[in-house]
Amino acid sequence: MPELPEVETIRRDLVPKVVGRSIRQASILTPRLTRRAGTPASVAAGLIGRRIRALLRRGKFFQFDLGETSLIVRLGMTGQLRWWRDRESCQGDEHTHAFLHFDEGGVLTYRDVRKFGELFLVPTEAVEAALRVGPEPLEDAFSVGALRRICQSGARVKSVLLDQRKIAGLGNIYADEALFRAKIRPTRRAASLSEEELRALRGAIRFVLAAAIRQRGSSISDFRDPCGEPGGFAPRHRVYQCHGTPCRVCGTAIRRILVAQRGTHFCPTCQR
DNA sequence: AGTACGCCCTGGCCGC
DNA sequence: TGCGGCCAGGGCGTAC
């Protein structure tokens, strides 16, 4: 499931391929992809002839800046952006829902088995308002004070970390991994965290995300980079999908519970 | 305000 | 071997 590190890995790989190039032809095959705004035809029409000025990331969203408008792509659970050097090498299958053909060759495809992802156009000046996500955890503005404000909530800390309006880009993997490294139980009420715990949690979120980006993301189910290669961070997971195995710190069996209806993994000894 | 639950969607896995 | 049933899960809408 692509979260911030996976989206950032794809973004960095795609920047040298697509930025500065123009879209010659666009085809979108699956109406569900554009359900948020427009139709496959209207989105495709809005892409043709546009040059990509920049490829940015906001939380788990890609923003292809086309000038007046921006193409927003969200991968959902199983979305993949793949890059093909030329039309001849481009491979689609029944799960490939969109093709962007570039001037001077090169094809960007969108593949998504479960079709939870989406693809839509927004005026560039309205992107921030349209996405409605919280601060970027890797930016300086994500201070302990900012996290303290985010945590002024009676909800469980795991739920708060997953709320994209509060913090951008964390999903189930990195929420669990950050809470483990901060030694905080996912069921704790966010507002109960001490100043020391908030400091530890901020540091753990940033550490885990940065480490995952260095390893090019976690390939738990479907994540692949634009060349089809998996990321290398999954073996570094301490708790996510490690239930039943001994904690790397204390040896206690990692447990799996439900928090806010999500599978949640933690060490009952290390995390309090 | 916080939480539960259903929905979307499909491949993979389990039990019979 | 085959098939029905269940599960995962990000985000959203609805109900309590």
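Throughout, a chain's letter reflects where its sequence line sits, starting with A, and its residues are numbered from 1.
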*Is a side-chain donor or acceptor of A:Thr124 paired with a backbone partner of A:Thr69 at a separation under 3.5 angstrom?*
yes
*Tell me: CG of A:Asp112 to P of B:dT10, nearest whole Å?*
10 Å
*asked:* Of the options B:dC9, B:dG2, C:dG9, whose atoms approach the side-chain atoms of A:Arg32 most closely?
replied: B:dC9
*Of the nucleotides B:dT3, B:dT10, B:dC8, which has the atom closest to the A:Phe116 side chain?*
B:dC8
_Using a heavy-atom cut-off of 4.0 Å across all strands, would you classify A:Gly154 as base, sugar-phosphate, or nothing?_
sugar-phosphate
*Using the ring-ring contact (aromatic ring centres under 6.0 Å, His included) rule, collect all pairs that involve residues 116-159 of chain A, keeping only residues at least two apart or in two chains.*
none
*asked:* Rounded to whole Å, please give me the gap between CD in A:Gln80 and P in C:dG10.
replied: 16 Å
*To the nearest 0.5 Å, what is the distance between CZ (A:Arg262) and NZ (A:Lys158)?*
8.0 Å
*asked:* Is there a side-chain contact between A:Lys60 and A:Gln164 in this structure, where contact means two heavy atoms from C-beta onward sitting under 4.5 Å apart?
replied: yes
*Rounded to the Å, how far apart are A:Tyr174 OH and C:dG10 C1'?*
15 Å
_Lys/Arg N to Asp/Glu carboxylate O, A:Asp13 vs A:Arg216, below 4.0 Å_ = yes
*Spacing between A:Arg36 atom CZ and C:dG13 atom C1', to the nearest angstrom*: 14 Å
*Have a look at the helix from B:dG2-C:dC16 to B:dC16-C:dG2 and give the angle its two end axes make, five pairs each, rounded to 10 degrees.*
50°
*Spell out, as yes or no, whether a donor-acceptor pair under 3.5 Å connects the side chain of A:Arg58 to the backbone of A:Val133.*
yes
*When all nucleic acid strands are considered with a 4.0 Å heavy-atom cut-off, which category describes A:Gly117: base, sugar-phosphate, or nothing?*
nothing
*Any side-chain N or O of A:Lys115 under 4.0 Å from OP1/OP2 of B:dC8?*
no
_Side-chain N or O of A:His95 closer than 4.0 Å to phosphate OP1/OP2 of B:dC9_ = no
*asked:* Tell me whether the side-chain N/O atoms of A:Tyr240 come closer than 4.0 Å to OP1 or OP2 in C:dG9.
replied: yes
_Rounded distance in Å - CG (A:Asp163) to P (B:dG2)_ = 10 Å
*Spacing between A:Leu162 atom CG and B:dA4 atom P, to the nearest angstrom*: 13 Å
*Which one, C:dG10, B:dG2, B:dC8, comes nearest to the side chain of A:Lys60?*
C:dG10
*From B:dC8, B:dG2, C:dC12, pick the nucleotide closest to the side chain of A:Arg189?*
B:dG2
*Give the rounded distance in Å between these two atoms: NZ of A:Lys158 and C1' of B:dG2.*
17 Å
*OP1 or OP2 of B:dC9 sitting under 4.0 Å from any side-chain N/O of A:Thr78?*
no
*Please answer whether the main-chain N or O of A:Tyr240 pairs with a side-chain N or O of A:Arg238 as donor and acceptor at a distance below 3.5 Å.*
no
_As a test of reading the structure: which of C:dG11, B:dT3, B:dC9 is closest to the side chain of A:Arg114, going by heavy atoms?_
B:dC9
*Which parts of residues 253-262 of chain A get close to DNA chain B, meaning a heavy atom less than 4.0 angstrom away?*
A:Gln261
*Just compare C:dG10, B:dG11, B:dT3 and give me whichever is closest to any side-chain atom of A:Met77.*
C:dG10
*asked:* Between A:Thr30 and A:Leu33 (side chain of the first, backbone of the second, donor and acceptor by atom type, cut-off under 3.5 Å), is there such a pair?
replied: no
*Report yes if the distance between the aromatic ring centroids of A:Trp84 and A:Phe99 is under 6.0 Å, otherwise no.*
no
*Mark yes or no for whether A:Asp176, through its side chain, and A:His265, through its backbone, hold a donor-acceptor pair below 3.5 Å.*
yes
*Taking the side chain from A:Arg21 and the backbone from A:Gly105, do they hold a donor-acceptor pair closer than 3.5 Å?*
yes
*Give the rounded distance in Å between these two atoms: CD1 of A:Ile72 and P of C:dG11.*
14 Å
_First encountered from the 5' end of DNA chain B, between A:Ala155 and A:Val113_ = A:Ala155
